[in-house]
Each structure stands twice: as structure tokens, then as C-alpha cells.
Amino acid sequence: MSSSSQSLVQHGHSVLVRIAKGDIRHIKAEENGTAVIPKFGSFLCNDLIGQPYGLTYEIVGKNLKLLPPRLLQEVEDTDATNELISDGQLVQPLTLDEIKELKQSGAHSSDIIQKQIENHANFALKTEYSKEKYKKRKEAKYSKTFTTIEPTIFNVCEYWFAKDQTRIRDIRSDSLGQILNLANIHPGGRFLVVEDASGIVASAILKRLGGDGQLLAICDTESPPAFPVMQQLNLTPDEIKPLRSLNWATALQDYNPIVPPSDLAPGEIRSERQKSRLKKRKNMNDALENTRQELFAGEFDGLVIATEYDPYSVIERLAPFLGGSAPIVVHSPYIQILSDLQAKLRNMPQYLSPSVTEGWLRRYQILPGRTHPMMAMSGSGGFILHALKVIENPVREEIPAVSAEAADAEMQGGDASEDAMVVDEKTE
Amino acid sequence: MWSSKRTIAAGDTVIVWMTRDSLEPLVVTPNAVLHNKWGQYPHNAFIGLPYGSKVRSSAPSNSGRGGPSGGFLYILRPTPELWTLALPHRTQILYIADISFVVNWLNIGPGKRVVEAGTGSGSFSHSVARTVGREGRLFTFEFHEQRAMKAKAEFEKHGLSPGLVTLQHRNVCKDGFGEGIADSIDAVFLDLPAPWEAIPHAKKVLRKDGVARICCFSPCIEQVIRTVTALNDAGFSEITMFETLQRPIEVSSTPKLASIEDAADRLKAAEIKREEKRLRQIAQNREKEALDKALAEGGGSGSSGAGKRKQSEGDEDGEGGEGENGEGDVKRAKTQSSTTPEEREGEKEEEGLPRVPVLTTREIKMPVPARSKSGKYDMEGKIAVSKALPEVRGHTSYLTFACLVPYAYALAQGEKKGTGAVVEVKEVVNGITPSTETKGEGENEKSAEPEPEVKVGDA
């Protein structure tokens with residue numbers, strides 16, 4: 001059976017691993033290298049390279065031992081309660097030093113925990129659920145097992161959100177999913193992105209383009225933007241191919257970027273080195289000009305914004321380069337910013353039905369007999385404004401847009417917008 | 001999938017946007033006419049226009065409303081999201097919050113092979129088809145024959161070729177997903193009343209050489225619990241469950257909020273005005289009194305003068321006078337008039353019930369922002385405020401996810417190569433004690449039989 005490309009850990013990959021405690025760490029898989037997970041352990045990367053993602057290992061010495069996936073275990077209900085367990089009582093005669101000694105002697109984590117259970121004064125009194133919880137807690141403390149996490153958009157977003165959500169502008173996994181769908185990101189599409197969310201949005205769009213299409217990022221830096229998130233997604237060169245970038249100066253239509261000259265009179269070229277430098281320069285200048293022309297050609301399929309700049313200024317500048325019916329999606333951690341934007345856009349005829357929403361996401365613990373929502377949940381994954389670009393005074397394709405007719409259409413437009421308002425009030 | 005051309009052509013499926021809550025799919029048919037409440041729209045007028053065009057009505061609607069340029073609508077390019085809002089419902093459908101979350105969790109992307117059961121109204125199918133692109137595949141299964149036929153016709157109309165989307169009329173709980181796609185699927189989505197019955201079949205089609213993912217969509221917690229048991233028995237791991245919603249936010253603009261200083265100034269002005277009025281009335285009464293006196297001296301009796309005197313004293317205390325004076329201050333007049341019904345209940349009044357001052361809403365009501373000639377709100381001096389809608393969707397379904405990890409595959413690869421990770425079978429079942437019970441491939445076949453699980457009522 002043919003199936004889509006396999007996801008294997010490769011040399012140079014940035015690998016996310018979940019350690020027994022539940023924390024997610026990040027390592028680099030370098031051939032013949034050693035991966036170090038601080039305060040946890042280290043192992044030889046070669047044991048990981050070539051393996052499919054998603055597997056669980058135990059660190060044994062410097063090597064990895066493959067473990068089967070962890071399954072849920074039914075916990076038998078008993079009559080035990082905490083009636084006879086008093087708080088604050090010393091229940092564990094095993095001292096910290098003794099445990100340390102055990103660890104150093106090379107005892108397996110399961111042996112240490114077994115010993116702790118044997119010595120525990122009240123273990124037998126505990127309910128089965130409580131015993132489970134105790135074992136799990138101890139296991140998380142001593143176990144040297146970890147699981148590799150496939151670098152999907154979802155997993156990488158969760159990793160960054162947990163690590164530092166402000167660096168990805170509070171874009172939670174559910175918000176990111178909504179952004180990608182609302183912007184109609186699809187292979188073969190041409191999209192504009194303006195983001196300073198560490199590249200989470202741009203990387204996710206690239207992943208969804210699958211190497212087919214175009215993504216033009218407009219940034220506020222002289223050189224192409226640094227997208228640190230891209231690293232964890234391990235995008236292939238093919239997947240990065242659709243990415244181009246301009247900055248707010250080079251994206252101006254009436255601005256001529258100041259570039260070093262690439263053409264010199266043949267007599268002025270003094271050396272081969274200079275010649276190749278000029279050639280390189282020319283290629284860069286040409287690439288910049290090509291990208292500019294791509295933007296100015298317009299008809300983009302969508303615009304995604306997640307920036308600290310005024311989103312209205314972005315829309316004002318880039319909406320002219322969108323095709324009719326193209327979605328505009330803006331994410332912000334702050335409702336005020338999107339409220340103000342919505343209040344502005346809804347009175348402009350070229351933006352249809354701007355609406356603001358907030359995502360809500362709740363995760364559950366699902367263990368047999370112990371299913372409930374997690375005690376802590378994320379407060380907000382930010383807000384999303386979504387609108388469509390529409391054409392107030394469309395010009396039919398067959399009719400060449402003669403200036404007189406265009407002016408006529410403009411005038412009609414003025415009248416029609418009055419009429420539209422009347423209807424608008426009726427329908428509201 | 002749908003038209004990617006800039007302009008609308010005959011035969012295109014388009015989405016007609018009438019209002020925020022009224023969207024309809026439409027196949028552009030030469031010489032056909034679209035009628036709605038606000039007018040008539042010949043399809044011919046759409047052809048050749050760019051997608052996203054605003055179109056004005058050519059004639060009044062049959063009921064006589066609207067008129068030439070009276071109504072308008074927008075002709076939009078279909079997207080799975082617009083389709084979800086416009087599609088003919090055959091079943092309860094999935095909306096953007098769930099769809100986008102499931103697609104994201106299941107890592108559905110370009111080139112992926114996806115299985116969906118059941119097809120339902122095709123809301124999720126369109127989203128998946130868009131996202132997997134030309135290199136991907138969607139195999140979708142529907143056990144209701146009529147729905148399956150309708151969905152098939154729809155997919156064809158939308159350019160979802162059988163090479164991209166394969167729809168089968170089939171009961172996957174009984175008959176599975178078919179041998180043809182065994183071990184090849186990246187992600188399975190089950191929107192079925194009893195997903196646990198389809199889970200062993202789903203395992204057969206999922207790929208074994210990489211992480212494969214599954215999502216079961218169920219509205220009830222009892223269904224979730226049975227699903228979790230079935231997933232666990234089938235050897236799925238990383239089982240987790242989510243609920244996700246999209247809260248709509250209502251934005252409106254109001255004038256900048258007034259400061260209490262303004263209220264104080266207004267009250268001060270009113271006090272001054274009232275005092276002026278009182279003094280004016282006293283002066284008027286004195287004048288009148290003097291006049292009366294002069295008249296009485298001229299021939300009337302002295303008795304009526306005492307009465308008048310008494311009344312004017314009352315005036316000085318500021319208790320009366322409003323009735324006589326038509327142009328009293330508006331606020332007082334309003335307070336007075338709003339107490340009238342109370343006064344009609346004369347008895348109550350006499351019992352000495354305290355008069356509650358009634359606030360008039362006139363002063364604190366936010367005026368509707370005026371539109372300028374250009375049809376734009378003047379945001380000058382106004383602020384945008386936002387709040388959640390009073391009633392929102394509170395629950396759609398629970399999303400139960402799980403992974404099938406390529407453990408057996410990696411084990412076999414390791415043995416073959418003799419390299420890579422040291423492999424040694426040691427079962428860890430959610431605890432530290434090595435268990436003798438091994439859940440291998442053979443075990444799972446058995447677990448497809450009736451499981452000794454929690455008995456729950458029908459979902």
C-alpha cells in the first residue's frame with residue numbers, strides 16, 4: 001500500500017520529547033552526537049536517528065531501549081477511604097540519602113518505587129485510585145523514559161504555548177487551527193502574511209501549502225525575518241520554497257529600493273572575485289524586484305495578520321493586493337484592538353461582515369473511572385477577526401475598463417451606497 | 001475543487017451572501033433569475049464579474065419590495081468555511097471550531113490520506129479535501145443511502161473528483177472500511193453514534209510505519225467512555241479528549257463615556273436655574289400682591305388678601321409653583337409626570353409611602369452614532385466596546401483523540417537492521433511493575449469481541 005511520506009527522526013532534526021513528568025523538552029538530533037536533556041539524562045543521538053516519531057524509550061546507560069506504548073489500566077474500585085489516614089504523619093521511613101544510594105547503585109526506577117511502597121506505612125490503606133496516583137508520581141520522579149513527539153503544527157504550537165505563550169502572541173493551537181481554516185490556506189494558494197509571532201503562523205501556512213503555492217511575508221526588518229518556530233517543525237527545503245519576504249519599505253509601490261549597483265562598465269571590473277560578487281548582487285537585486293512585482297501583481301488568495309503593529313494600517317496597505325472574496329484574518333491577544341478594527345472595517349464597503357470571535361478550549365483527563373476536565377485551563381488563546389474582501393463597484397471582464405466608464409461606475413457607486421444603506425437598515 | 005478563476009463563469013458553484021445569517025449556494029445558470037426578498041437578480045449579470053462582487057438587484061422582488069438598485073448581494077467564491085454556513089443540512093453538521101481543531105490535531109495536511117465516517121452533510125469533507133490538496137485523498141463513508149447519493153452528487157458538482165474524494169455507501173461498523181486501503185491511512189475521523197464499533201476496523205486501515213491518528217466525535221460523555229475503552233483495547237495510546245468552542249463577540253461603538261463631572265456641572269446649572277426661577281416667582285407674587293392691594297384699596301374687602309399671602313409664603317419655600325409655570329425645568333417636570341400613576345392611587349399616597357425618585361433614561365441613553373454623507377461612521381469622539389453575545393453555543397461534541405504508534409514496526413526494523421535503539425520487549429502498562437499480560441497484535445483481535453466494559457445506555 002502506498003502511503004504518504006513517513007515521518008522519521010533525521011540528522012539535524014529538532015526533536016521534541018515528552019519526559020515522564022509530562023514536560024516537553026527540545027533536543028537536536030546530530031549524527032554521532034549526544035543529546036542532553038537537563039536534569040533528566042543524556043543518550044546517543046544515533047539511537048534515535050532513522051526511528052519513526054511517536055515512540056517511547058528508556059535511557060539505559062547512553063543507549064535507548066524501545067518501550068511499547070503506554071496503555072490505560074482499569075483501576076478496581078475498593079471500599080478503601082482516607083478515613084484512617086491522618087495528615088502530617090511520617091509514613092515513609094526511607095530517607096532521601098537511602099534513595100540516592102539506591103539510585104547510584106544502578107537500581108531500576110521500578111525497584112526504587114517498589115521499595116518505597118513496601119516501606120510506606122499507609123500504602124495498603126489507600127484507595128486504588130490513590131495508589132495509582134502515588135505510583136505515577138514516583139514514576140515521574142525516577143523514570144528515565146521519554147516519548148518523541150512528531151513535529152506537527154499542533155504539537156509545535158502546544159510546545160511553544162506552554163513554554164512562553166507571549167512569544168507566539170498567545171496563539172493557542174485552537175486559534176491557529178481556526179486561522180488556517182478561516183484564511184482558506186490550501187496547496188497551490190497565494191497568501192500574504194504579516195506576523196511577529198516567532199513564525200508560528202508563517203510556518204503553519206508553509207506546512208499547509210506543502211511546497212505548492214506562494215507565501216509572501218511582509219516584515220519590519222531589513223533582512224528576511226527570523227522565524228524560530230520553523231526550527232521545530234523541521235520543514236523540508238521543498239516546504240520552505242514558497243516563502244518570500246519583503247519589508248514595509250520594499251513593499252511600497254512608489255518607492256525605489258536603494259540597492260548597491262550590480263552593473264559596471266566592463267572596463268571597471270577589476271577581478272574575477274568582483275565579477276562574481278556583482279553577479280551575486282545582481283541576483284539578489286533581481287530577486288527583490290521579482291518579489292515586489294509578485295506583490296504588486298495582486299490577486300492574492302488571503303491575508304493573515306498577527307502583529308503588534310496597527311492591524312488597520314496593514315490591511316489598508318495590503319488589501320489592494322487581495323483578489324475578490326479573499327479572506328482577511330487578524331489575530332490579537334487583545335480584544336480592544338480587534339474591537340477598534342471591527343468598528344472601522346464594518347463601515348468600509350470593501351470589507352464584508354467583519355466578525356470577532358474568541359476561542360475556548362478545555363482538555364479532559366480521561367482515565368477509567370476518573371474522567372473530568374483538567375483542573376487548570378488556558379484562559380485565552382487570543383481573539384480572531386475575520387472578514388472577506390469584496391468589490392463594491394465591480395467591472396465586468398468583457399468590458400474594457402475605459403476611463404470614462406470607470407468614472408461612471410464610481411458615480412453610480414456613490415448613489416448605490418446610499419441605497420445599500422437603506423437596505424442595510426432593513427435587513428438588520 | 002470549485003473554481004479558482006478570477007471571474008465567475010456559467011456553471012460555477014458560488015455562494016450568494018444576502019445577510020450575515022443568510023447565505024446560499026447557487027450554480028450560475030445562463031438565463032436563470034435569482035429572486036429574494038429585496039429584488040431580482042439575473043444570473044447573466046453575474047457572469048464575467050470578479051468573485052466577491054457586489055451585485056444590485058435589477059428589478060423589484062415579486063412582493064414589490066426593493067427595486068432597481070434597491071437590494072444587493074455578494075457573489076462569493078466558495079470555501080469550505082462558507083460552504084459550512086450555506087450548505088443544505090441533511091444532518092447535524094460540524095462547525096469551524098471543531099473542524100479546524102480536528103484537522104489540526106489529526107495533522108491533516110497536503111498529501112495526507114484521510115478516512116471519514118459518516119459523510120453526513122459533507123461539512124467536514126470539504127474542509128479535509130481542501131487541506132489535503134491534489135496529492136492527498138479522502139475516503140468518506142455514509143451508511144444512509146439517500147444521504148450518500150446526495151453527497152456524491154454534491155462532490156462531483158464541486159469538482160471533488162473520485163481521484164481526490166472517494167465516497168462509499170457502507171456501514172463501517174458492520175463491514176469495515178474495505179481491504180483496498182489497509183495500512184495506508186494517516187488519520188481517521190469517526191462521527192458515528194457508536195464509534196467504538198468502528199475502532200477495530202479503523203485500526204486495520206491506519207498506517208503502521210508512522211504515527212497514525214484517530215478522532216471520535218460524540219456529544220455524550222457515556223459515548224466517550226465507551227470509545228476510550230475501545231481505543232485502549234485496540235492498542236491506541238496518547239488518548240486525550242477536548243471540547244472547543246468559538247465565542248462570538250459583539251462590537252458596537254458608543255460616544256466616549258461621560259464623566260461624573262459633567263453630571264455635577266449639569267446639576268449645578270439646574271440648581272442655579274431653579275433658584276432663579278424661585279426668586280422670579282417671589283418677585284412676581286410680590287408685584288401681584290401689590291397690585292391686588294392697590295385694587296382692594298380701590299374698593300374690595302380685605303379678607304382674600306390673607307389667603308393669598310399664605311400661598312406666596314409657601315412659594316418662598318420652593319414647594320409649589322410648577323403647575324402655574326409652563327416652562328419649568330424639564331427634569332423636574334419629568335419626575336413629576338412619572339409619579340402620576342402613584343398619585344392616582346390616592347390611598348397609598350396618603351399612607352405616606354416614600355416617593356422614590358425615578359431616573360429618567362433620557363440623559364444616559366447612548367445616541368446612535370450618526371452616519372456622515374459618505375456612509376461611514378465618524379469614529380471621532382466615539383469608542384468601540386465589545387461583549388459576548390447573550391446566548392452562545394455551549395456544547396457541540398467531545399473530541400476524543402488517540403494515536404497508533406509504530407511500535408511493532410520499529411521493533412521489526414530494529415531486529416532486521418540490528419542497529420538503532422536497543423529493543424527488548426518489556427511491557428509497561430501504566431505502572432512500574434512489568435506486567436505479564438502482553439497486548440500484541442493477536443490480543444487485539446480478541447478485544448474486538450464484546451468487551452467487559454461499563455454498561456451505558458444508548459447514546
Side-chain angles (χ1 to χ4, degrees), chain A residues 1 3-4 6-7 47 50 52-55 63-73 110 113 135 139 150 152 154 174 177-178 181 184 186-187 208 210 324-325 335 339-340 342-343 347 353 356-358 360-364 366 390-392 394 396-398 416-417 419-421 423 427, chain B residues 7 19-20 38 48-54 56 69 71-72 74 76-77 79 100-101 104-105 107 109-112 130 133 183-184 207 209-211 228 232 237 241-249 251 253 375-377 384 386 405-407 410 420-424 427-432:
Chain A
M1 262 299 114
S3 58
S4 49
Q6 224 182 329
S7 183
D47 277 6
Y53 274 98
L55 297 172
N63 288 95
L64 295 181
K65 187 169 78 183
L66 183 63
L67 296 180
R70 169 183 291 255
L71 301 175
L72 302 173
Q73 199 177 41
S110 61
I113 299 165
K135 283 198 260 183
E139 193 194 342
E150 191 177 2
T152 65
F154 182 90
D174 57 325
Q178 286 182 21
N181 274 35
N184 192 28
H186 59 276
R208 287 277 174 96
S325 210
I335 190 167
S339 301
D340 287 346
Q342 202 265 8
N347 301 304
S353 186
V356 181
T357 58
E358 181 187 17
W360 180 88
L361 182 67
R362 170 179 256 179
R363 192 180 185 150
Y364 283 71
I366 33 149
V390 288
I391 302 163
E392 174 76 357
R396 196 174 304 279
E397 203 175 42
E398 291 93 342
S417 69
D419 293 330
M421 262 160 43
V423 178
T427 50
Chain B
T7 52
T19 67
R20 192 183 279 264
W38 308 109
L49 288 180
Y51 272 99
S53 287
K54 182 176 188 170
R56 283 139 189 125
S69 298
F72 66 83
Y74 295 91
L76 304 178
R77 186 189 302 284
T79 64
S100 60
F101 192 78
N104 205 11
W105 202 100
N107 195 29
K112 298 287 181 186
R130 177 261 318 269
D183 300 328
S184 76
R207 65 188 296 171
D209 60 347
V211 182
V228 168
N232 198 43
S237 58
M241 197 253 277
F242 288 94
E243 239 187 313
T244 187
L245 294 167
Q246 197 191 39
R247 271 159 42 96
I249 308 274
V251 181
S253 40
K376 289 178 188 175
Y377 284 102
S386 47
V405 302
Y407 172 65
V422 180
V423 284
E424 182 187 306
E427 191 73 15
V428 174
V429 183
N430 200 29
I432 29 74

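In what follows, every chain begins at residue 1, and chains take the letters A, B, ... in the order their sequences are listed. Only this structure's heavy atoms are used, side chains among them; waters, hydrogens and symmetry mates stay out.
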A.B. asks: Nearest 0.5 Å please: distance from the CG atom of Leu67(A) over to the OH atom of Tyr407(B).
C.D. replies: 7.0 Å
A.B. asks: Ignoring hydrogens and geometry, is there a side-chain-to-backbone donor-acceptor pair from Asn232(B) to Leu72(A) under 3.5 Å?
C.D. replies: yes
A.B. asks: Could you check whether any side-chain heavy atom of Arg70(A) comes within less than 4.5 Å of a side-chain heavy atom of Ser237(B), counting everything from C-beta outward?
C.D. replies: no
A.B. asks: Write down the atom of Pro187(A), the atom of Gly133(B), and the distance for their closest heavy-atom approach.
C.D. replies: CG-CA, 3.8 Å
A.B. asks: What heavy-atom pair brings Ser100(B) and Gln178(A) nearest, and what distance separates the two atoms?
C.D. replies: OG-CG, 3.3 Å
A.B. asks: Measure distances from Gln342(A) to the heavy atoms of chain B and classify the residue's part below 4.5 Å as side chain, backbone, both or neither.
C.D. replies: side chain
A.B. asks: Do the side chains of Pro406(B) and Leu55(A) get nearer than 4.5 Å, heavy atoms only?
C.D. replies: yes
A.B. asks: Show, in sequence, the C-alpha distance, side-chain angles and deciding distance for Leu76(B) and Val390(A), and conclude whether the side chain to side chain contact (heavy atoms under 4.5 Å, CB included) test is met.
C.D. replies: CA-CA 8 Å; Leu76(B) 304 178; Val390(A) 288; 4.0 Å; yes
A.B. asks: To the closest 0.5 Å, what do you measure between CE (Met241(B)) and CZ (Arg363(A))?
C.D. replies: 11.0 Å
A.B. asks: Which atoms of Leu361(A) come close to chain B, meaning under 4.5 Å heavy atom to heavy atom: side chain ones, backbone ones, both, or neither?
C.D. replies: both
A.B. asks: Give the minimum heavy-atom separation between Ala384(B) and Asp340(A), together with the two atoms involved.
C.D. replies: CB-OD1, 3.3 Å
A.B. asks: Between Ser53(B) and chain A, which part of the residue has a heavy atom less than 4.5 Å away: side chain, backbone, both or neither?
C.D. replies: both
A.B. asks: Could you tell me which non-hydrogen atom of Ser339(A) sits nearest to which non-hydrogen atom of Val251(B), and how far apart they are?
C.D. replies: O-CG1, 3.5 Å
A.B. asks: Output the option from Arg20(B), Glu243(B), Arg77(B) having the highest count of non-hydrogen pairs under 4.5 Å with chain A.
C.D. replies: Glu243(B)
A.B. asks: Quick one: does Thr357(A)'s side chain have a donor or acceptor within less than 3.5 Å of a partner on Arg247(B)'s backbone?
C.D. replies: no
A.B. asks: For the CG atom of Asp174(A) and the CG atom of Asn104(B), what is their distance to the nearest 0.5 Å?
C.D. replies: 9.0 Å
A.B. asks: Side chains of Thr79(B) and Asn181(A), heavy atoms from C-beta outward: is any pair under 4.5 Å?
C.D. replies: no
A.B. asks: Given a strict heavy-atom distance threshold of 4.5 Å, which part of Tyr51(B) is in contact with chain A: side chain, backbone, both, or neither?
C.D. replies: both
A.B. asks: Any idea which heavy atoms bring Val211(B) and Gly54(A) closest together, and the distance?
C.D. replies: CG2-CA, 3.8 Å
